[in-house]
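To keep things clear, I will list the structure first and then write my remarks on it.
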Amino acid sequence: MSNPQTVQQPRKFYRPSNGRVIGGVCAGIADYFGWSRGLVRLLTALSILIPGPQVLAYIVFWILMPDERKVYGA
């Protein structure tokens with residue numbers, strides 16, 4: 001007997017419409033990797049205390065990550 005194989009949909013990287021705090025970047029990253037949104041937000045906030053381009057990276061992700069409405073069609 002053969003086991004039926006399920007076709008797994010590819011994961012999509014987007015900023016969700018629900019659960020956004022600022023731009024939805026942390027929520028999108030957390031959803032994509034299956035992590036807790038709160039944990040990703042906490043790590044992002046803590047990383048701001050370390051010198052580096054974290055704020056710039058957040059803005060770049062905000063610009064480059066598509067909105068959920070564009071991915072799935074509104």
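Along the sequence shown, residues are numbered consecutively beginning with 1.
- Both Trp62 and Val21 sit in one connected hydrophobic cluster of ILVMFWY residues. Membership requires side-chain heavy atoms under 4.5 Å apart, directly or through other members.
- Looking at heavy atoms from C-beta onward, Arg15 lies out of side-chain contact with Phe61 at the 4.5 angstrom threshold.
- Annotation: side chain of Tyr58 is in contact with side chain of Ile22 (closest heavy-atom distance under 4.5 Å).
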Can you give each donor-acceptor pair under 3.5 Å made by side-chain atoms of residues 26-34, sequence neighbours left out, with the distance rounded to 0.1 Å?
unit_1: Asp31; atom_1: OD1; unit_2: Arg37; atom_2: NE; d: 3.1
unit_1: Asp31; atom_1: OD1; unit_2: Arg37; atom_2: NH2; d: 3.4
unit_1: Asp31; atom_1: OD2; unit_2: Arg37; atom_2: NH2; d: 2.6

| task | Applying side chain to side chain contact (heavy atoms under 4.5 Å, CB included), run through Phe13 and Met65 and close with a yes or a no. | result | CA-CA 7 Å; Phe13 195 52; Met65 283 177 69; 3.7 Å; yes
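- Asn18 approaches Glu68 most closely through the heavy-atom pair N-OE1, 4.4 Å.
- Residues Leu49 and Leu42 share a single hydrophobic cluster, defined by chaining ILVMFWY side chains whose heavy atoms lie under 4.5 Å apart.
- Note that the CG atom of Leu43 and the CD atom of Gln54 stand 12.0 Å from one another [nearest 0.5 Å].
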